[in-house]
Number of protein chains: 2
Amino acid sequence: MEDGKLKVRAVDRALDILLCFTRKESLSLTEIAGEVELHKSTVHRLMTTLEEKGFVSRDASTEKYRLGIKIWELSAHLSNTDDPALLLLPSMEKLRDELDETVSLYVLDGRERLRIQAVQSNQAIRRVAPVGARLPLYVGASSKALVAFSSEREQEHILSDPIWPDSVSRTAFRDQLRVIRARGYAMSVEEREQGATSVAAPIFDLKGNLAAALSVSGPLARLPVEKLESYAPLLMERAREMGMMIRG
Amino acid sequence: MEDGKLKVRAVDRALDILLCFTRKESLSLTEIAGEVELHKSTVHRLMTTLEEKGFVSRDASTEKYRLGIKIWELSAHLSNTDDPALLLLPSMEKLRDELDETVSLYVLDGRERLRIQAVQSNQAIRRVAPVGARLPLYVGASSKALVAFSSEREQEHILSDPIWPDSVSRTAFRDQLRVIRARGYAMSVEEREQGATSVAAPIFDLKGNLAAALSVSGPLARLPVEKLESYAPLLMERAREMGMMIRG
DNA sequence: ATTTACGTTTCATCATATGAAACAAAAATA
DNA sequence: TATTTTTGTTTCATATGATGAAACGTAAAT
């Protein structure tokens, strides 16, 4: 939102509209107008354009908009070759089979993290981790792994996010990051969700850049701190192996 | 480009650029400019906007553009029904609105075909196509589309059906199938019902397997052969798009 | 019957997208 | 090495086209 670069406003707005559909899968014109804070007249014009090109379509009965066929088509053409979510899926499944716990893959996206892949534990009580979920960076093992190993600049950017809740002290958070950098992995015990714990390690690509965070998570009853710690070496080794598969 | 609707040019162009990535998964600035026939200056500005929002990203080494993480995210939020009859309904309605003719969706089911979805034309004289109807495979455009693009094994199985009437020569039928495979669509003129004609194209899922057949049908008076032929390119394009929505 | 909400269209105004040109930097050529 | 070509980036004057207020039509809701 905060400008700076050389951009095209109309396009920027249209893309904002598309992104509304990551929160609700079906929206009316006025809902969209409210969401992006634009006059319905403007939104209507933009929607016509998006619809004409097939990026959104209208539900015949409810008249609401939803994502269109062209999004399907584009998603089918995401580079399968070096898309980490697909590339690393087999490795994740292998790790899941070894530990029988839910394994997730996250990337930094702005001031949030995005779960780009997940494989579920087969156990009856398990963490359910939907792919595509967008989560805050101030809680969770994966968050800490991602922030701890990103650049100074990026860390400052993330920590300066006004969204950051007062309950989370930035100084304490920074202290944690130092520990995490030192030992190479992060843990969380009921930080984001009641009864859920998790260990996470960073994945660096071949060029040494932070590419993602890999986490193993489950119910506290099955994954107490000692267990998380015992899984850490294997997790870090797998994360290192996976990094070898990513060009950058 | 030459449509006369109420559209926003800058957005239209940006979307065209995104769609370039359905043809090549990685493109340089000048390649894109050539593809969409715009000055590189304009494309550069649009790319900056798209990149800023995460709809495209640049390969660190080659400097080329590729689809970005936001496309990933949007695709993760696409309606997650895997029932083709529901999934493809909006697309079928759109096609119906474009042509104002009845649009149907068929799948192979043993030695028959099954109409799993249909949307009716709004015209007074129209084909009425009930969902759930089970029909023979030896007549009708959809039948021929389904058989022509199924596997050798399956074709033999279907053609060896004793139900096959003597009036339909299997040799002639095989010849027709060859033509259909070559041009990509099938037609029928009063084959199954008096006064009814139809064009049909196969739908392949993301793995390339035959998933269904899409047909447009109506009264002979309104849909003579020339009209059917003129609808074929649009039909095939829509069928291709729909296939992008089916995992397999 | 009246009000409220929503989608759509129109239109005068000026913000803004545009593309030519110039620029820098890197390949490709000699 | 010098020279040419190619590619990405920035600048800027211009008019084109995006904008949003207002008005309209229609359908729900009261």
Is the shortest distance from a Lys or Arg side-chain nitrogen in B:Glu35 or B:Arg23 to a carboxylate oxygen in the other one below 4.0 Å?
-> yes
Identify all pairs in which a protein N or O lies below 3.5 Å from an N or O of nucleotides 13-17 of chain D, and state each distance.
| from | atom 1 | to | atom 2 | distance (Å) |
| --- | --- | --- | --- | --- |
| D:dG17 | OP1 | B:Arg9 | NH1 | 2.7 |

Expressed in angstrom and rounded to an integer, what is the separation of B:Ile32 atom CD1 from D:dG8 atom P?
-> 9 Å
Can you name the residues that form a salt bridge (charged side-chain N to carboxylate O under 4.0 Å, His left out) with A:Arg66, not counting sequence neighbours?
-> A:Asp59
May I have the distance from A:Arg45 (atom CZ) to C:dT8 (atom P), rounded to whole angstrom?
-> 13 Å
Flag the pair A:Glu156 and A:Arg174 as a salt bridge only when some basic side-chain nitrogen lies within less than 4.0 angstrom of an acidic carboxylate oxygen.
-> yes
Could you list all the ring pair (Phe, Tyr, Trp, His ring centres under 6.0 Å) pairs where at least one residue sits in residues 198-219 of chain B, not counting sequence neighbours?
-> B:Phe149-B:Phe204
For A:Ser160 and A:Arg111, does a side-chain donor sit closer than 3.5 Å to a side-chain acceptor?
-> yes
What N/O pairs connect the protein and nucleotides 2-7 of chain C at under 3.5 Å? Give each pair on its own line.
| from | atom 1 | to | atom 2 | distance (Å) |
| --- | --- | --- | --- | --- |
| C:dG7 | OP1 | A:Leu29 | N | 3.3 |
| C:dG7 | OP2 | A:Thr30 | N | 3.1 |
| C:dG7 | OP2 | A:Thr30 | OG1 | 2.9 |
| C:dG7 | N7 | A:Lys40 | NZ | 3.1 |
| C:dG7 | O6 | A:Lys40 | NZ | 2.8 |

Protein-nucleotide distance (B:Met47, atom CE; D:dT9, atom P), rounded to Å | 10 Å
Quick one: list whatever passes side-chain hydrogen bond (donor to acceptor under 3.5 Å, both in side chains) with A:Arg240, sequence neighbours left out.
-> A:Glu237
Does A:Thr42 place a side-chain N or O at less than 4.0 Å from the phosphate oxygens OP1/OP2 of D:dT19?
-> no
What donor-acceptor contacts under 3.5 angstrom involve side-chain atoms of residues 227-236 of chain B, with partners at least two apart or in another chain?
| from | atom 1 | to | atom 2 | distance (Å) |
| --- | --- | --- | --- | --- |
| B:Ser230 | OG | B:Lys227 | O | 2.7 |

Straight-line distance of B:Leu27 CG to B:Met47 CE, nearest 0.5 Å = 8.0 Å
Starting from C1' on D:dA28, measure out to NZ on A:Lys64 and report it in whole angstrom.
-> 15 Å
